[in-house]
**Q** 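Below is one structure. I have some questions about it.
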Amino acid sequence: MKNKEIKTKGALHYYLQSTSGIVGAVLVLIMVIVAICSIFGITPYDPVEQHIDNILQGPSAHFWFGTDDFGRDVFSRTLEGMRRSLTVSITAVSLATILGVTFGILAGYVGKWFDQLVTRVSDVFFAFPAILLALAIVASLGNAWYDTALAIGVVYTPIFIRVARGPVLTVKEMDYIKISRVLGFSSFRILRKHIFPNVFAPIVVQIALSLSWAILTESGLSFLGLGTQPPTPSLGLMVSDAQPLAAFAWWTLVFPSLFITIVVVGLNLVGDGLRDALDPARRSS
Amino acid sequence: MKIPGLSRTLSVLATLFGISIFVFLVLRVIPGDSITGAFGIETGALTPGQIAELRVYYGIDQSLLLQYISWIHSFLTGKLGFAYSTGVSVATLTKSSLPVTIELAIIGTVLGVVLGIAIGMFSAKKPGSTRDFAGQLFGLLALAIPGFVLSTGIVTVMANKFHYFPNGYEYMTPWENPWMNFQQMMFPGLVLGIAVAAPVMRTTRSALLETVDKDFVRTAHGKGVPNNKVQYRHVLRNSLIPIVTMTGIQFGYLLGGAVIVEKIFALPGMGRQILDAIMKREYATVQSSIMVFAIMFVLINVATDVIYRKIDPRIKK
Amino acid sequence: MTQPLLLSVKDLGISTVQDPRTLVNQVSFDIGLGEAVGVVGESGSGKTLSALSILGLLPRGVEVVSGSVTFKDKNLLTLNNEELRKIRGNEIAMIYQDPMTALNPVMKLGKQLLEVIASHGGINESSQNQVRALLSEVGIPDVNRAMESYPHEFSGGMRQRIMIAMALLLSPQLLIADEPTTALDVTIQQQILALVSEARKKRNMSMLWITHDLGVVANLVDRLNVMYAGRIVESGTVEEIFRKPKHPYTAGLLSSLPTSTGTNRERLTSISGVPEKPWLVGNSCGFAARCSRAQARCHSEVPPTVITDNSSVACFFPLGGN
Amino acid sequence: MSLEIEDVEKLYKIVSTDTVIHALNGIDISLPAGKTLGIVGESGCGKSTLARLVTGLEAPNQGSITWKGLPIHDVNKGSFSTKKSVVQLVFQDPYSSLNPRQRIGDAISEIITVHNLVEKNMVETRVSELLSLVGLADDLKNRYPHQLSGGQRQRVSIARALAAEPSLLVLDEPVSALDVSVRAEVMNLLLDLRAKLGLTYIFISHDLAMIRYISDLVAVMYLGKIVEFGSWEQVINDPQHPYTQALIQAMPDHTVIGNPESLAKTLEGEVPDPVNLPTGCAFHLRCVKATPACAVEPQSLREISSNHLVACMEA
């Protein structure tokens, strides 16, 4: 218990020394709060409510981000869209992390035919552009949010297999792992106590980066009409709907786009910050 | 004893085989078939007899294995299967759409690599400086602004403010009308190029910074080699390996990005072909088109590997 | 010192750029024309940094903060990049510790060698032969094939020979060697030592040899500087240092080495504790905490370097008295 | 009651180049309990491979290794319950031999608790005992490896090995990575522990000075074979194999000074590629005494005087 405390404190200490890490964390935090607001219905209006008298209004005190061609409040819709994006991405990345890390660590540690099999299969997955594969899966599964999440999760699993497997191969060759075997420790113990803590850092970094890619993929799918269906808002769909309107109602395009960009920038900065904070080589200097 | 490239070829074939099975299963096993695709909710109104007939018509009454074999057979015999609704062979569709996507991909890759390496070098020259910050900011934004946002923005501004929108006209191949083709490809190519440039820039920057601290760079300085020569001959040359890897990986994402860009800029490429087929539930078309994509990607990987061997003498064997 | 001076380092101070930490403090030593000087010290003593600073090759984040390095009436520390470049590889050459990483892995060896000539005056018809002659002098078997090969095709020992050939190509007046045999097997080390010794004699070349292994320099250099915690604590001829060490650290180091005759299963004399970090020494003798002769003033004052004839020692209570 | 290594061979297949490396070619050693065997040789001679086989990390392709009558492979599997016959290992690199994310105290207590070597409430005491045994302060328990010096880490590695209560300790270049002034202390510690605990050592090094200082018996290895074997006096003071002689001559010696002639080279060339072993005696390509017959006839160890074995026809 004490052990853990010190470790996280140390990493946090180093994390807080990186400017980009702090900026990223703040951006992501804002977006998460926004999403949570939407979960509890703390939005100015119902996202699907049509204000017939206020079609295509510019940003104002009543409608902070203006209204769209159905008179719906863009601000409320953006919040709701952000919540959907985050829900899908977090579910997808959790799935990919659990599957990928388990198979990656096992493949790296067990080696031999199992490693061959896992790398071959993940190579096959890798041979696809992610969005295309997700597209195919969504096309046949359906477009409920969990279908999208499942599709993105499957597509990102091989990334986590690679990220986990690589360091395991390196760590496995370290002298302290050999010594653990001579000391008669079980494989499970070696994996849990000696290998996992040492491959943890790249996985955490990858989670942050994958979340950002997942958000891009999710909004890309819904932009193509293969994700969330109208009238439920989603950021990609809002951009798609804004295409014919943008010329005279810039706010319909700008705000959802801005939210996607902010959260993706934030997650990338968090990833960079984590990479620096969790790398013992950079710390010791 | 050993035939050069044999194991390589075999592993490429094995990967393609795996892909074909995977694509097939994803689109067949999962509920929803061509009938529901074609008739939508009206499927419920069909009699069992009609459904059985339709199943025969679409070839989905057979076992999965037979379906797979018949698809692969038609794929390999050059027709790539048929689109059920129009009866046109997928090969015919692909013949006109593949060149569009390839042209787009080449423009995107070249732009992305040139831009990415240039900005990466610009950034790495003085780590921590203002120019480094500017370079990194570009990388970050290029990574974070989705292609569809950038494309929509470009279309909006160009079409409405400048009344310039070449993609509004019918698509022209470079042979029919090179100038028109260039104008039509310019913006979608730029959008893809920026998407490729971001990771290439980041890789270039970190590879350069890492190589600068290597022993052999110190040796070169110690020999009295002029600084600019050290940078090009020793630092950049050794940084190319990760840059090539990253470019190869990006090619896959680029093909994915093509789907979105082709839709927005109304280019009749592979991406749009797949999208249309998905909307119409033309499984054979989707399957075969995705196979074509996969083959392209695998071939790019082989090319990356060949370039690798050219750059790095250590992996000759 | 009978020879005229070739290189003179005075009060050299090196420190990190951020939250400045002293790494090398007031280091002074001379190298005469044709003279071989050794610098002995443990890891972190500052020996490698002192050597790298001569040619301005310090790693990023580390800089010279004081002192001068005079090479034939020029202060190398004040030269601009171009002036310094003309000296590097030409008048002063360097060989490094790890032969596996010191050569460019993606460039043919012939080209890497010719680059030295190209950087100092340009290549002509005889350049190729010049390179071939040196490669065979350092004992590379198939010279023509070697020129067309890449570094990874050679063993560590062979790569170090190639590095030596590269360094000798323009007949420098000074060769700086940073532990060039540490990564090699003993029989290969012996070959390299013999090779360098021979080449030096032939060219009347001066040499600065950095090492942590007293045994290596015993028969290689004329004079020796012993470094500890960023300072030179003792200097003198090899004879003086090995036979009559004055600084307690030098003496401790010598007696902790197992000898080649006599004892087995007997306890070695050892120095207790660990070397102090140079930036933590402050106003004290860096060795005080480990020294059996230390008294109160050793912990509160920096012992000055006392110079007598050919030798010097920085200790309040040296062995054999003052 | 001894370590018996009989006719051990170890091959490594390199898949990518489809070649085979002959790491060990017929090793026979008998080491009485309580003695120290020094194994010396240059890189690639197979000495570290031997360490891995003796500790059961890898299995030989041929031959057997037994410790006190038990095959080594079983020794570490079932032995912790009986608390005897344990073989332990200490590596060269003090940086990679400790888990960077595990505290020193935890690294040592882990062995004790996993194998229930002492009563639960005695674990802390035992850890303190082990730390003081290797000369480390008790408060080091709470530190992480990167907060320790190289010498301290190596002491921790030794303490951890001792926690398993081994009777045979394999030391693979235990002081090579340490600073000169720290090296002597660790060597002294190893001497003390051997006397105090009655340990049997296999001490592997490329440094003959360290080998001669600690060993009772010395084996000189070249390209996967033992070329000379005997007591330390026999091998080091009266070397018979030309390779041993060359190694001794090449030892940097600080007692001989100011004599550049002593640098004259003694051994030509480098160690051949273990993938294509030379015919006959593997050393003949570099040997000053080689005759045409050496290129044809493989050499095996023969006794030239009491318990002094040499694999050379010219000896």
Side-chain angles (χ1 to χ4, degrees), chain B residues 117 121 123-129 131-132 203-247 304-317, chain C residues 17-18 48 51-52 54-61 81-109 111-121 148-153 159 162-163 166-167 169-170 172 175-176 178:
Chain B
I117 293 183
M121 287 176 72
S123 243
K125 194 127 198 182
K126 252 195 182 160
S129 64
R131 64 194 285 182
D132 183 25
T203 311
T204 305
R205 180 179 177 275
S206 61
L208 288 175
L209 288 180
E210 200 177 302
T211 315
V212 163
D213 287 337
K214 290 275 167 69
D215 282 357
F216 62 80
V217 175
R218 188 179 59 187
T219 305
H221 282 298
K223 289 195 288 194
V225 177
N227 189 45
N228 60 345
K229 284 193 178 150
V230 175
Q231 295 307 326
Y232 280 93
R233 264 191 223 154
H234 297 273
V235 180
L236 185 60
R237 193 70 216 288
N238 276 280
S239 305
L240 279 180
I241 295 160
I243 297 175
V244 167
T245 313
M246 184 42 87
T247 309
T304 314
D305 221 62
V306 171
I307 299 174
Y308 243 23
R309 273 149 220 265
K310 277 261 184 287
I311 307 176
D312 192 345
R314 285 165 295 186
I315 43 173
K316 269 251 156 75
K317 274 173 207 162
Chain C
V17 177
Q18 288 185 342
T48 296
L52 288 175
I54 294 173
L55 282 178
L57 295 174
L58 286 174
R60 268 197 294 175
N81 282 338
E82 182 57 19
E83 289 166 330
L84 198 56
R85 184 191 73 72
K86 284 185 177 148
I87 291 173
R88 290 173 180 165
N90 186 12
E91 291 175 83
I92 305 178
M94 188 150 181
I95 51 179
Y96 307 88
Q97 180 170 358
D98 188 353
M100 304 311 269
T101 57
L103 288 160
N104 185 342
V106 304
M107 199 174 187
K108 283 181 182 166
L109 287 171
K111 218 176 157 197
Q112 296 196 47
L113 284 150
L114 283 168
E115 210 180 16
V116 182
I117 306 175
S119 303
H120 300 283
E148 291 299 309
S149 302
Y150 290 97
H152 71 277
E153 296 168 59
R159 288 193 214 183
I162 291 163
M163 286 300 298
M166 198 183 272
L169 210 43
L170 297 178
L175 176 70
I176 301 175
D178 181 16

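Residue numbering restarts at 1 for every chain, and letters A, B, ... go by the order of the sequence lines. It should be emphasised that the depicted structure is a prediction, and the values quoted were computed from it without experimental measurement. Note that these values count all heavy atoms, side chains included, but never hydrogens, waters or copies made by symmetry.
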**Q** Under 4.5 Å heavy-atom distance to chain B, tell me which part of C/Pro105 shows up: side chain, backbone, both or neither.
**A**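 Both the backbone and the side chain of C/Pro105 come within 4.5 Å of chain B.
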**Q** Is it the side chain or the backbone of C/Leu103 that comes within 4.5 Å of chain B heavy atoms, both, or neither?
**A**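 The backbone, not the side chain.
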**Q** Check C/Arg60 against B/Leu209 and note the closest heavy-atom contact, atom names and distance.
**A**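 Looks like NH2-O, 3.5 Å.
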**Q** Which atoms of C/Met107 come close to chain B, meaning under 4.5 Å heavy atom to heavy atom: side chain ones, backbone ones, both, or neither?
**A**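 For C/Met107, the contact with chain B is made by the side chain alone.
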**Q** Please identify each residue that fulfils salt bridge (charged side-chain N to carboxylate O under 4.0 Å, His left out) with B/Arg205, with sequence neighbours left out.
**A**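 In terms of salt bridge (charged side-chain N to carboxylate O under 4.0 Å, His left out), with neighbours along the sequence ignored, B/Arg205 is linked to B/Asp132.
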**Q** Given side chains that start at C-beta, do those of B/Lys223 and C/Leu169 come closer than 4.5 Å, heavy atoms only?
**A**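 Side-chain contact under 4.5 Å: no.
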**Q** Does the C/Thr101 side chain pair with the main chain of B/Asp215, one donor and one acceptor, at a distance under 3.5 Å?
**A**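 Flag not set: sc C/Thr101 to bb B/Asp215 has no pair under 3.5 Å.
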**Q** Does atom CD of C/Glu83 have more than 12 heavy-atom neighbours, drawn from other residues, nucleotides or ligands, at distances under 6.0 Å?
**A**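 Result for CD/C/Glu83: enclosed.
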**Q** Using side chain to side chain contact (heavy atoms under 4.5 Å, CB included) as the criterion, point out the one residue from B/His234, B/Arg233, B/Arg237 that pairs with C/Val106.
**A**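 It is B/Arg237; the other options fail the test.
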**Q** Name the region of C/Ala102, side chain, backbone, both or neither, that has any atom closer than 4.5 Å to a heavy atom of chain B.
**A**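 Both backbone and side chain.
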**Q** Under 4.5 Å between any side-chain heavy atoms of B/Thr219 and C/Met166, yes or no?
**A**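 B/Thr219 vs C/Met166: side chains touch.
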**Q** Of all the heavy-atom pairs spanning C/Tyr96 and B/Gly222, show the shortest one and how long it is.
**A**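 Shortest heavy-atom separation between C/Tyr96 and B/Gly222 comes out as OH-CA, 3.9 Å.
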**Q** Let's test your reading of the structure: which of C/Glu115, C/Met163, C/Gln112 forms the most heavy-atom pairs below 4.5 Å with chain B?
**A**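 That would be C/Glu115.
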**Q** Mind ranking C/Lys86, C/Lys108, C/Arg85 by heavy-atom pairs under 4.5 Å with chain B and telling me who comes out on top?
**A**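 Result: the option with the highest number of such pairs is C/Arg85.
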**Q** Measuring heavy-atom distances to chain C, does B/Ile311 have an atom under 4.5 Å in its side chain, in its backbone, in both, or in neither?
**A**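 Just the backbone, heavy atoms under 4.5 Å.
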**Q** Write down the atom of C/His120, the atom of B/Gly224, and the distance for their closest heavy-atom approach.
**A**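 Shortest heavy-atom contact: NE2-CA, 3.7 Å.
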**Q** Less than 4.5 Å to any heavy atom of chain B: does that hold for the side chain of C/Leu84, its backbone, both, or neither?
**A**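 No part of it gets close to chain B.
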